[in-house]
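Just so it is clear, the model here is predicted, and its values are computed rather than measured.
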Amino acid sequence: MPTAVLTDHERTAVQAYLRLLHTVRAAFDGPPEGAPAALVPPSVLAEAETALTRAGLAGNEEEFFRMLGEWCPSAG
């Protein structure tokens with residue numbers, strides 16, 4: 001259970017990061033043999049960047065990952 005109380009912007013940033021993380025993991029899991037490589041849609045990355053900026057966390061990865069670890073330990 002999360003112990004940190006997040007603001008709306010922080011929660012949005014965490015959710016956007018988790019969507020990005022899941023998308024990247026799916027891309028690295030790879031397509032079936034012989035299929036073209038999966039791409040991470042630029043919109044997913046842009047969503048995460050925008051959310052981090054709105055939460056005041058852009059350029060402050062240490063604080064973001066501390067907060068993420070407290071709120072969602074399995075994300076790391």
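- Contact between Leu20 and Leu45 at its shortest, heavy atoms only, is CD2-CD1, 3.9 Å.
- Not a single donor-acceptor pair under 3.5 Å links the side chain of Glu49 to the backbone N or O of Ala46.
- Listed by chain and number, the residues in a side-chain hydrogen bond (donor to acceptor under 3.5 Å, both in side chains) with Arg19 are Glu47 (sequence neighbours excluded).
- Shortest non-hydrogen contact noted between Ala16 and Ala48 is CB-CA, 3.7 Å.
- Taking Leu52 as the reference, Ala13, Leu57, Phe64 meet the side chain to side chain contact (heavy atoms under 4.5 Å, CB included) condition, with sequence neighbours excluded.
- For CZ of Arg54, the number of neighbouring non-hydrogen atoms (other residues, nucleotides, ligands) closer than 6.0 Å is 12 at most.
- Across Arg11 and Asp8, no two heavy atoms sit closer than the pair NH1-OD1, 2.9 Å.
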